[in-house]
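In this chain, numbering begins with 1 at the start of the sequence shown. These numbers were taken from a predicted model, which means no experiment stands behind them. When reading the values below, keep in mind they use all heavy atoms of this one structure, side chains included, and skip hydrogens, waters and symmetry mates.
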Amino acid sequence: MGRPLTLALAQLPSVDDLDRFAAHATATMRRFPGIRLLAYPELHLAGESESDSVEPLTGPRHRRFAELAGDLGVWLCPGSVAELGDDGHVYDTAVVYSPEGELAAAYRKVFPWRPHEPFRPGREFVVFAIPGVGRVGLSVCYDAWFPEVTRHLAWLGAELVLNVVRTDTADRAQEIVLARANAIANQVFVASVNAAGPTGLGHSVLAGPEGQVLAELPGASAGVLTAVVDLDAVTAVRRHGSFGVTRVWDQLREGDEPIPMPLYGGALTPAAWAAAERRRTTEA
């Protein structure tokens with residue numbers, strides 16, 4: 001493998017006990033000591049009520065996350081949290097901490113599940129780098145239903161999109177389809193980790209850059225899904241095409257005319273589209 005990334009997706013019910021969470025993360029790393037990225041579901045530590053867990057990203061809970069990531073030497077995504085922003089609004093925010101015990105990324109869910117969720121929408125797409133391995137993009141649950149999210153993350157250089165989820169409704173079956181579709185359309189890995197019962201319906205899944213299911217945890221039972229992915233597979237698929245045929249990122253050329261996008265009140269600009277490949281090449 002050229003750029004291997006070992007990851008673990010913890011399909012668990014929500015908890016409201018930091019000590020229990022830390023114990024599970026520690027036990028998981030002892031059981032699977034090669035893991036580099038450990039991820040939990042959406043609002044994993046929100047317990048019964050998101051409002052009970054609201055705090056800024058500088059709060060005591062986040063200091064504990066940072067310490068735990070540093071102690072375990074792992075890229076830790078404790079799921080998403082109810083973040084109290086500086087503007088006084090509450091966001092559903094996916095966070096990632098580095099093996100050095102630092103906040104590496106924070107992504108505010110752009111598409112909260114309306115009208116059911118009280119969170120304010122975020123406004124920025126977030127990708128972070130794992131040095132020597134590659135780039136990971138973040139999305140939260142309902143974001144997966146909007147193709148613009150994964151497309152922007154891939155355009156920003158993401159080779160793996162981590163989608164943290166807390167779905168307990170019948171449309172989890174459709175979310176599995178969407179995970180594969182987002183992987184296919186953007187030629188990226190997609191890891192979708194859902195909460196276990198009774199919080200969620202489980203069925204966490206890892207899809208490859210051609211949409212194939214590489215690993216999954218069907219059903220709502222608690223468990224940990226582990227896998228090793230080679231991010232060089234993304235480079236190969238984009239260079240040679242999905243199944244040696246389709247090269248979506250080569251579709252637009254800088255000399256092409258802009259394509260009006262009336263839905264967004266703007267245009268799809270070939271020069272901007274082509275810039276993504278230049279950026280990926282430069283960063284590589």
Side-chain angles (χ1 to χ4, degrees), residues 7-16 21 24 37-53 77-83 90-96 107-122 125-126 136-150 153 160-186 188-207 211 213-227:
L7 55 89
L9 309 178
Q11 180 172 293
L12 297 174
S14 297
V15 297
D16 55 6
F21 168 75
H24 184 274
L37 173 62
L38 173 59
Y40 288 80
E42 178 186 20
L43 297 170
H44 179 59
L45 281 148
E48 294 297 321
S49 172
E50 294 90 351
S51 61
D52 294 338
S53 60
C77 174
S80 69
V81 297
E83 176 207 353
V90 178
Y91 298 88
D92 185 353
T93 303
V95 290
V96 176
Y107 163 72
R108 292 170 169 173
K109 187 177 184 178
V110 169
F111 292 102
W113 188 39
R114 289 175 166 169
H116 309 284
E117 294 180 349
F119 303 106
R120 188 172 183 85
F125 302 104
V126 174
V136 178
L138 297 174
S139 70
V140 179
C141 202
Y142 199 42
D143 285 332
W145 289 77
F146 297 86
E148 299 87 349
V149 175
T150 308
L153 294 173
L160 166 69
V161 173
L162 176 60
N163 178 232
V164 297
V165 181
R166 190 169 77 168
T167 294
D168 64 355
T169 49
D171 56 357
R172 180 58 183 166
Q174 282 65 46
E175 290 180 348
I176 302 303
V177 175
L178 289 168
R180 298 183 65 186
N182 283 324
I184 293 168
N186 298 288
V188 294
F189 290 95
V190 173
S192 176
V193 53
N194 190 21
T199 311
L201 290 180
H203 201 166
S204 298
V205 65
L206 172 67
V213 174
L214 301 177
E216 60 185 331
L217 273 179
S221 297
V224 177
L225 178 63
T226 60

(request) Just do the side chain to side chain contact (heavy atoms under 4.5 Å, CB included) check on S80 and V95 with the steps written out, would you? (result) CA-CA 6 Å; S80 69; V95 290; over 6 Å; no
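- Taking CG from L201 and OG1 from T167, the interatomic distance works out to 7.5 Å, rounded to the nearest 0.5 Å.
- Looking at Q11, its side chain does come within 3.5 Å of a backbone N or O of H203 through a donor-acceptor pair.
- One finds the CG atom of L160 at 8.0 Å from the CZ atom of F189 (value rounded to the nearest 0.5 Å).
- Here the CD-CD1 distance, from E216 to I176, works out to 7.5 Å after rounding to the nearest 0.5 Å.
- Each of T226, L214, V190, V193 was compared with L206 under the side-chain contact (heavy atoms from CB on, under 4.5 Å) criterion, and only L214 meets it.
- Using a 3.5 Å distance cut-off with no hydrogens or angles, the side chains of Y107 and D143 do pair a donor with an acceptor.
- Between V149 and S139, the closest heavy-atom pair is CG1-CB, 4.0 Å.
- Considering every non-hydrogen atom in both A82 and L43, the closest pair reads N-CD2, 3.9 Å.
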(request) Just do the side chain to side chain donor-acceptor pair (under 3.5 Å) check on R166 and S14 with the steps written out, would you? (result) CA-CA 9 Å; R166 190 169 77 168; S14 297; 3.2 Å; yes
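- Note that CG of L7 is 9.5 Å distant from CG of L38, once rounded to the nearest 0.5 Å.
- Considering every non-hydrogen atom in both H44 and L12, the closest pair reads CE1-CB, 3.8 Å.
- V213 has its side chain within reach of V205: a pair of non-hydrogen atoms, C-beta onward, lies under 4.5 Å apart.
- The shortest distance between side-chain heavy atoms of V90 and E83 does not fall below 4.5 Å.
- Looking at F146, Y142, F125 one by one, the single match for ring pair (Phe, Tyr, Trp, His ring centres under 6.0 Å) with F111 turns out to be F146.
- For the residue pair R172 and S192, a side-chain donor N or O sits within less than 3.5 Å of a side-chain acceptor on the partner.
- Not one N or O on the side chain of D168 forms a donor-acceptor pair closer than 3.5 Å with the backbone of G200.
- Contact annotation: the side chain of H24 approaches that of V224 to within less than 4.5 Å [non-hydrogen atoms, C-beta and beyond].
- Within the 4.5 Å cutoff, no side-chain heavy atoms of R120 are placed close to those of P112.
- Nearest heavy atom pair, residue G197 against residue P13, reads O-CB, 3.6 Å.
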(message) Run V164 and C77 through side chain to side chain contact (heavy atoms under 4.5 Å, CB included) and show every step you take.
(response) CA-CA 9 Å; V164 297; C77 174; 4.0 Å; yes
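- With rounding to the nearest 0.5 Å, the separation of CG in L153 from CD in E148 is 11.5 Å.
- Going from atom CD of E175 over to atom CG of N163 covers 7.5 Å, rounded to the nearest 0.5 Å.
- Annotation: side chain of V96 is in contact with side chain of L138 (closest heavy-atom distance under 4.5 Å).
- Side-chain atoms of T150 and N186 include no donor-acceptor pair closer than 3.5 Å.
- Counting heavy atoms from C-beta outward, P121 and V110 have side chains that stay 4.5 Å or more apart.
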(request) Applying side chain to side chain contact (heavy atoms under 4.5 Å, CB included), run through W113 and F119 and close with a yes or a no. (result) CA-CA 9 Å; W113 188 39; F119 303 106; over 6 Å; no
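- Taking the centre and axis of the six-membered ring of Y91, the NZ or CZ atom of R108 falls inside the cone set by 45° and 6.0 Å.
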